[in-house]
Each structure stands twice: as structure tokens, then as C-alpha cells.
Asks: 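Have a look at this one before I ask anything.
Source: prediction; values computed, not measured. Numbered from 1 within each chain, the chains take letters A, B, ... in sequence-line order.
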Amino acid sequence: MLSKKLWFLDLTTEELGGKDVICLWMVDENGIVINIYDPGHRDWVYVDADINTLRKIYDLVKLRESAGLTADIVKRKLVGRDKEVLLIRGPPKDLENVVRIIEANYRDVTFYEDDIRFSNKYLLIRDVSPSSWYKVTYDVESNINILRDIQLLSEEVEYPPLKILSIDLVTASPIGEADPESDPILAVTLYTANGYKQYVLRNDDKEILKSLVNDVQSYSPHVIVSFEGNSIVWPYLLERSKVLNIPLKIGYRGDEPHQSLYGHFSIPGRLNIDLKDYVNNNPSLQRKTLEELAYFLGISQPGRVFDRLLYYDAWKNNRDELLKYSLWRAKTIYDAFMLLKEEIFSLSAITGMPADYVLSSSAGFQVENYIMKNAVKRGELIIKVKGKGKGTYLGGLVLPPKVGIHRNVCVIDFKSMYPTLIMKYNISPDTIVYEKKDDVKYFEEIGVGVKQSIKGLFPEIIKRLVDERNKVRSKMKEFPEGSAPYRILDAHQRVLKILANAMYGYMGWINARYYSWEGAQLVTYLGRETISSSKRKAEELGLHILYGDTDSLFVNYDKEKVEALLTWISKELGLEAKIDKIYKVLLFTEAKKRYAGLTIDDKIDVVGLEYVRRDWCNYAKETQYNLIKLVLTGASKDKILDYFRERVRKLDRGEVPIDELVIWEQITKRLDEYKAMSPHLAVAEELALKGWKIKKGMFIGYVILKGSGPLYKRAIHYTMAKKEDIDWDYYIYRQVIPVSARVLEPMGISKSDLESIASGLHFSMDRFLF
DNA sequence: TGGGGCCGGGG
DNA sequence: GTGTACGGCCCCA
């Protein structure tokens, strides 16, 4: 019997002696990979039916005991209610057969957990999480490690020494998207702690693939990181390896990558991390590019950026620069992973999903897995997705802003309003009822009640997340800021917060296993009640309400009255509100969710306005930002208009680079699903005709050219535009003027004022002096 | 001229 | 493939 401290990297299901067995991939403190098998755990399904049927099914399974199937009547819970169900265990394939036979022979039978992969069920029932340390006890039997015991070591705050390898791929074609059937790999750049290696095409690309496979195998990384690996790199390399007949044996034991769930590629024995998944799930990243991620993480930018659309041209005319760019990408992907690993591993450890799989899952499934983990602990059967929604429901309350410029404004907001309400009122799929009973708190206005006699699953989970977060935050203080343990604990507490905040949205998600329309609706209803009653109290105290959105109120900062309001909220509502920030100057437009302010620490906040949006060109956005700054810092009208005039003049003279004029919009569905034509769609269709694959989620950058007719006929991809064709008037009258008017109107400068200034400039004498 | 389609950001 | 509320553009009838 051996006992070791091991870090849980990943798990696979493998055949061992003709049986499907869970194999744990563990890493010891020296970074050595150890496989440990758990043959004691077999796959299972639950069957629910009336007791007579269950008995018959029980007998049916008993007949197949020789095939390794067993059946037992067990006690479980179903959304809070006690139940007796039949647990059938056995090899996955035999289970599938049995399920089919039962389905064919019995009616009114419900199966549970037949829709969850064995490896995931294993993690749930064993209550173990990847990316965590365990004390593992095992025996060695004929060279195979057999698991005996596995105990979490929750105090560990370091990772084992992991070998990380990043990869960037260069391919190109003269006719759009490169095709692995015919277009060779032009270059591959690998980056590790030991430096980089760049393979560049000479005669054919067989050499590149061979070297790539050799080098990956000899370095044998624990983690392979890419940017768009799942969508571009691995599909291309796999296809190309088939064409060249050089298997892409880069797995730990020489397996090839294979596609698993949601377009994710598995590389057995290694974590395949695609940082594109990270940027897609991070809302503070707008454009979802590697350059933006680098900026976000404080990593230096490349000397020169090449759009993928220009790779062919660059390969022909600017090869050295392109190869430099690829090296920058590989290094940046490596560096970015080193900065993000704490967050990725924390997410994995908490949700219980393997690190590469958790990253490729959307927030909804991350939350769902965490809920399932907690549900199993309560003895709950994992329910299935119904997918039947009850339509939409009312959301948060937004108050109309008081237009104009205000001074000394205080923003009061409720601390984690929705999670708090869920806990306070015990709102959960398993507590929602319709009947008014003794143990039910009933809400007449929406016709829904909440059971108070049992603690709901969601409130229990949120409480656990909050408690755990508090623990982690106090432990954090034991370590110096920026140290490895500090970073790990900080990432950990952030993930706990994110999960708590996502619980409400998950509850209202139609595809959630634990979907509760009534629950979600009750949460927003209570939120609206909370904000309205607080508003009434604030007015009663003599505060002026300037604006409010969902969980916040903007009022004039009268310290005593605000304190009185906070006390009232705490005492009467039993909720916690705080002063979120104070603005020296605040500008409200007529529109909700759009304002700008100067905080007491002299920061400019811009909310909702064009400046923070990606579907306006940079030049207009920068103009708006500077105008906001002038307005908030009390600049004179003359000074403000001088600045505006200068910005328009530059456009009128054609002195603005194309890059500043690009408008970015996302393709949000398949091209054939669009009902209406629009500029970014027209450009996407044009690219598709040229041979580019336009996938959902792609960003289209376009500029508007001179001409007549609708904009979509004059929009062109920014890489193909020439400066002399730019429609400068469009940028003056439909970009710069609208965004300027938006922030100048509250101070009495109208859109037509700005238009007169612009056309005055255009026809002024100085234009004709030359 | 107004309504629908569409997009992106706020809380 | 977490929710709803909202503004504002463009297109089209």
C-alpha cells in the first residue's frame, strides 16, 4: 500500500481487463504523472416507477447479474421529496442496453443520471475535484495502480511544477480560408519555459508535423495552451496530419486529440487549454482578440499585428514580420496562461470539472455542475432538462434619470441583491409551491409561495459560497500580496463570488436542469419591491432621487439622510445597502442606463454611452470621451466647441487613419438565419463569397465608403478599404455628431447646432484658399 | 414615418 | 447554450 500527496490533473474512462474503468491522472510534487485506476466504481442509472414495475425490472436485471449488472432499491431525494428508486450498476454499454429494454417493455418509467457521462458522475459521487491536492492511497497490482482511498488536502495553496507548452499556427490561402486538404502548414511556433521553437515551411510540411509531434512528446507538457485551438489549430493540424499520413500523436501515451463535448478537443493525459474560451466568457473583454487579452493582463503588444485575413499576403511579402508576430502570439499565450492559471484551476476545483473542460463550458454549465455536486451531497437525484419555458418575466426596475448636470451625487446600492434575496426568502426550485400552507410564505401579487420548513438547495449553495469566500478572504491576508498563495486564494474567492452571482440567472435559464421560472420571477419581484420601498423612504427623508437601476439609487449626497436611509434598510428590510461611490459631477442624458460622472477621486466614469461600445468607431468614441471630460470639469462652451470643431475638421480633411474609423460588430447567428440586411452582415457575406468561414461569434470590422444607397451597400471590410474611398461625411454626421450631441445636449448644445458648425466648416473659406 | 431586426452594454 | 431592461442604429414598407 502506497500513500502519496498528489494533484488531480484530469480523468479518463479506459478499458481495463474488458471493463470500463475510471483512470485518474495525478501529478506528484515533482511533476511526475501517475495513473491510478478505480475499478471499484461502476457506471449506473436510476429507475423510477411504481413499486410493482420496479420489482419486475429488479428481476429482469437479476437475470443479467452474470453480465456484471446489479440492482438495488435505494432511498434518494427528488427535488426535496423522499423517494425509493432502483439503482442499476454495471458497464456503460450494458446499462444502455438495459435502459433500451426497459423503455421498450414498461410505460411510465423515468430514468435518472443516464444522461450524465460516467466520468462526471464519478466526480460527483466521489466528491472529488480536479485541480486539487489529495492524499491518495493505492496498491500496485501487476504494474497497475489501484485506488484504495482519496482524501482532499484543502489547505494546499501551491501547484505542482507543471510543464506548460503554448502553440501558434500559421496557415494561409490565396482564396480565403486555408484548407488542410491542399494548403500546407506554413509555420508553427511552440513556446515553453525553456524558450521557443519555430518550424517554418521549406519544401513540404511533413517535416513540420514530424518535428512538432517529436518535440511535444519529448517535452511532455502537462498543459498545452492555444488561442483558438479548438476552432482552428487542432482541427487543421488533425486534418493535415491525415492528409500527410503523419498521426498527430501528441497525447501522453501517444493518442491523437479527439473531439469531445461542445467542440472541445481532448488530448489524453494533457490539459488542452484554449484561451479563446476564456476571453469569450469574460465580459470585460470586448473584441475577444489575443491583443486585447494581452492588454487586459498587462502583457506587451506585438510590434505589428496581422489580421488572419492578411496572412497570405504577409507570407508572400512580409514573412519575417509575420513569423515575429507568430512568436509574439506563442509567447503571449504562454504568459497569459501563467497569469490566468489560478483562475482556471480555481474554477475547476470549485465546480468539479476538469480544467480544460470547465474553460470550454459556458457559465451556465459551470454553475450547473457546481449545483449538481451539491445536490448529490444532499442525496438528490440529478434531474433532467425539461426545456419547456413559461416565457419571459419582469426584470429589474429602472427609474427615469433627471436630465442634466448634478453635483455631489451619491450612489447607494444593495450588496449582492439577488443572492441575498434568494437566501432571505429561501427561493429554490425545491421550495417553490402554489398552495398557501402553514409552512409557506405566500406572495399574493405573483401567486407563488415558498416553503419555509426545509432549506432550499439554492439558498444552501449560496450560503456555502458566501461562507467559503469569507474564509478564503481571511486566509488570503496571511500571505504577502502578489505571492503565489495569495494569487491562488484571490482567484478562488473571485470564482466563489461569480458563482453566487450567477445562481439567479441560472434559475431563469430555460435550459437549466434546475430551471425555476417562478423562482426567478419571485427574485426580480422582491428586487423591485425592495428598490421601490427604499425610494419611498429616501423621499420621505428628504433625499432627491436622481436615478436608480435594479439594485441602486442615485441621490444627492446628504450624509445624515443617507446614513438614516441605510439604517432603515438594514432594520426594516433586513438587507444590507452601502454607499457605492460618490460623484463630484454627474451628467444624465434623457436615456436610462447612459450617463457619465466625475468621482471624488477624479476618475471619469462612462456608463452605457457610445464611448464604451464597440459598434462605434474609435474616432467618434474618443471625441465623446474628451467632450465628457470637458463638460464634467467645467470647461467653457467655447472651449468645448473648439474641440468639437477640431475633431470634425480632421475628418473633413481626410486626416484620420482608417484604423480609427472601423466599426466592429459581431455575427450572432448563422448567416442564413438573418431576416434583415445590415452593414456587418453584407460584409460577412462578401467575405464568405471570398472563401472565408464566417462562424457565429466572429467580429466583423468594417468602414463606410462614399456612394449612394443603403449603408450595407457601402460597407467594406476594413482590410480592403482605401482611404480615398472613405465617406467622411458619414463619419462626421452619423458618428461624431450624434455621439457629441448626446453629451452636449444636457448643457444646451443641440444636434442642429453641431450640424451647423460642421457644415459651416465644410463651406468656410479656408477650404478654398488653396 | 414608424415598426421590426439587430446589437451591445448595464446591473 | 445564466436572466431582463433598455437605447439606438439600420432597413423596409
Side-chain angles (χ1 to χ4, degrees), chain A residues 261-263 280-281 283-287 360-368 370-371 385 387 389 391-401 411 413-419 422 458 498-517 519-525 527-528 531 547-554 580 589-595 605-616 620 663-669 673-682 696-697 699-700 704 709-715 730 734-735 738-739 741-742:
Chain A
L261 274 76
Y262 305 110
N280 280 341
N281 280 343
S284 53
L285 297 166
Q286 281 189 322
R287 281 279 322 285
S360 69
S361 313
S362 64
F365 290 110
Q366 294 167 1
V367 173
E368 183 149 86
Y370 184 70
I371 295 174
V385 176
T392 184
Y393 58 89
L394 283 183
L397 181 66
V398 191
L399 306 173
V411 184
D413 78 8
F414 284 84
K415 243 174 111 182
S416 314
M417 187 193 244
Y418 287 177
I422 291 173
F458 277 43
I498 290 168
L499 288 175
N501 285 337
M503 292 290 289
Y504 150 73
Y506 174 85
M507 200 193 297
W509 177 35
I510 185 170
N511 285 317
R513 286 175 191 268
Y514 298 93
Y515 172 59
S516 173
W517 186 87
Q521 191 211 30
L522 180 54
V523 173
T524 59
Y525 164 77
R528 291 193 299 276
I531 211 74
Y547 178 61
D549 186 350
T550 310
D551 60 354
S552 67
L553 287 174
F554 290 55
D580 187 39
T589 68
E590 284 177 358
K592 292 171 173 178
K593 296 183 188 280
R594 299 186 157 217
Y595 56 89
D605 259 3
V606 182
V607 180
L609 292 163
E610 288 80 358
Y611 171 66
V612 299
R613 298 176 62 94
R614 74 163 94 87
D615 52 354
W616 288 81
I663 296 160
W664 290 93
E665 273 180 277
Q666 197 177 12
I667 294 295
T668 59
K669 44 185 128 187
E673 288 172 337
Y674 279 93
K675 287 186 210 161
M677 186 42 77
S678 61
H680 83 299
L681 175 59
K696 241 200 264 190
F699 287 94
I700 305 289
I704 299 295
L711 284 186
Y712 72 84
K713 289 190 177 157
R714 302 194 274 129
Y730 168 82
R734 290 160 89 173
Q735 289 276 320
V739 306
R742 200 99 54 222

Asks: So what does A/Val367 touch, heavy atoms closer than 4.0 Å: a base, only the sugar-phosphate, or nothing?
Replies: nothing

Asks: What is the separation between atom CD on A/Glu590 and atom C1' on C/dG7, rounded to the nearest whole Å?
Replies: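 The distance from CD of A/Glu590 to C1' of C/dG7 comes to 12 Å, rounded to the nearest Å.
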
Asks: Only one of A/Ile422, A/Asn501, A/Asp551 forms a side-chain contact (heavy atoms from CB on, under 4.5 Å) with A/Met417, so which one is it?
Replies: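 Answer after filtering A/Ile422, A/Asn501, A/Asp551: A/Asp551.
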
Asks: Is the phosphate of C/dT2 approached by A/Ser362 (side-chain N or O, under 4.0 Å from OP1 or OP2)?
Replies: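 A/Ser362 to C/dT2 OP1/OP2: side-chain N or O found under 4.0 Å.
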
Asks: Tell me the interatomic distance from A/Tyr674, atom OH, to B/dG5, atom C1', rounded to whole angstroms.
Replies: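 Answer to the nearest Å: 10 Å.
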
Asks: Could you tell me how far B/dG5 sits from C/dT2 if I compare only their C1' atoms? Round to whole Å.
Replies: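 24 Å, rounded to whole Å.
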
Asks: Contact class for A/Leu681 (heavy atom, under 4.0 Å): base, sugar-phosphate, or nothing?
Replies: nothing

Asks: Separation of A/Phe365 atom CZ from C/dG1 atom P, in whole Å?
Replies: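 One finds 10 Å between P of C/dG1 and CZ of A/Phe365, rounded.
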
Asks: Return the value, rounded to whole Å, for the distance between atom CG of A/Asp580 and atom P of B/dG10.
Replies: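 In whole Å, B/dG10 P lies 14 Å from A/Asp580 CG.
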
Asks: For a quick check of understanding: with a heavy-atom distance under 4.0 Å over all strands, which category does A/Gln286 fall into, base, sugar-phosphate or nothing?
Replies: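 A/Gln286: backbone/sugar contact only, no base atoms under 4.0 Å.
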
Asks: Taking the side chain as every heavy atom from C-beta outward, state whether A/Glu610 and A/Arg594 have any atom pair closer than 4.5 Å.
Replies: yes

Asks: Tell me: CE of A/Met503 to C1' of C/dT2, nearest whole Å?
Replies: 11 Å

Asks: Working to the nearest 0.5 Å, report the span between CZ of A/Arg513 and OH of A/Tyr506.
Replies: 7.5 Å

Asks: Nearest 0.5 Å please: distance from the OH atom of A/Tyr547 over to the NZ atom of A/Lys592.
Replies: 8.0 Å

Asks: When we call it a touch if two heavy atoms are under 4.0 Å apart, what does A/Thr392 touch: a base, just sugar-phosphate, or nothing?
Replies: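 Here A/Thr392 touches the backbone only, sparing every base.
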
Asks: Touch check for A/Asp549, heavy atoms < 4.0 angstrom, all strands: base, sugar-phosphate only, or nothing?
Replies: sugar-phosphate

Asks: Just to confirm, is there a sub-4.0 Å distance from OP1 or OP2 of C/dG7 to any side-chain nitrogen or oxygen of A/Lys593?
Replies: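 No, no such contact exists.
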
Asks: Working to the nearest 0.5 angstrom, can you tell me the gap between A/Ile667 CD1 and A/Leu681 CG?
Replies: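 Going from the CD1 atom of A/Ile667 to the CG atom of A/Leu681 covers 6.0 Å.
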
Asks: List the residues meeting salt bridge (charged side-chain N to carboxylate O under 4.0 Å, His left out) with A/Arg613, not counting sequence neighbours, and say none if there are none.
Replies: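 Only A/Asp615 meet the salt bridge (charged side-chain N to carboxylate O under 4.0 Å, His left out) criterion with A/Arg613.
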
Asks: Taking the six-membered ring for Trp, are A/Trp509 and A/Phe365 parallel (under 30°), tilted (30 to 60°) or perpendicular (over 60°)?
Replies: perpendicular

Asks: B/dG8, C/dT2, B/dG10: which one has an atom nearest the side-chain heavy atoms of A/Val607?
Replies: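 Looking only at side-chain atoms, A/Val607 lies closest to B/dG10.
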
Asks: What is the separation between atom OH on A/Tyr504 and atom P on C/dT4, rounded to the nearest whole Å?
Replies: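 Computing the A/Tyr504:OH to C/dT4:P distance gives 6 Å.
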
Asks: Which distance, rounded to the nearest 0.5 Å, do you find between the OG1 of A/Thr550 and the NZ of A/Lys593?
Replies: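 These two atoms lie 5.0 Å from each other.
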
Asks: Roughly how far, to the nearest 0.5 Å, is CG of A/Leu399 from OG of A/Ser552?
Replies: 8.5 Å

Asks: Quick one: A/Lys696 NZ to B/dC6 P, roughly how many Å, whole number?
Replies: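 Result: 13 Å.
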
Asks: Once you apply a heavy-atom cut-off of 4.0 Å, does A/Tyr595 come out as touching a base, just sugar-phosphate, or nothing?
Replies: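 Sugar-phosphate: the residue A/Tyr595, judged by heavy atoms under 4.0 Å, touches backbone atoms but no base.
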
Asks: Summarise protein proximity over nucleotides 8-13 of chain C in one line of letters, 5' to 3': B for base, S for sugar-phosphate only, - for none, counting protein heavy atoms closer than 4.0 Å.
Replies: SSSSS-

Asks: Where does DNA chain B pair, written as one dot-bracket string 5' to 3', with Watson-Crick or G-U pairs under 3.5 Å, ( ) inside the strand, [ ] for crossing pairs and | for another strand?
Replies: ||||||||...

Asks: Consider the side chain of A/Thr668, meaning its heavy atoms from C-beta on, and name the nucleotide among B/dG5, C/dT2, B/dG8 that approaches it most closely.
Replies: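 Given the options B/dG5, C/dT2, B/dG8, the side chain of A/Thr668 is closest to B/dG8.
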
Asks: Just how far is it from atom CE of A/Met507 to atom OH of A/Tyr515, taken to the nearest 0.5 Å?
Replies: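 Between A/Met507 CE and A/Tyr515 OH, I get 11.5 Å after rounding to 0.5 Å.
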
Asks: Check whether more than 12 heavy atoms from other residues, nucleotides or ligands sit under 6.0 Å from atom OH of A/Tyr611, and answer yes or no.
Replies: no

Asks: Need one value for A/Gly505: base, sugar-phosphate or nothing, where a base atom within 4.0 Å counts as base even if backbone is also close, heavy atoms only.
Replies: base

Asks: Find the distance A/Gln366:CD to C/dG1:P and express it as a whole number of Å.
Replies: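 Distance, rounded to whole Å: 14 Å.
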
Asks: May I ask you to verify if any side-chain N or O of A/His680 is less than 4.0 angstrom from the OP1 or OP2 atom of B/dC6?
Replies: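 Answer is no, no contact under 4.0 Å.
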
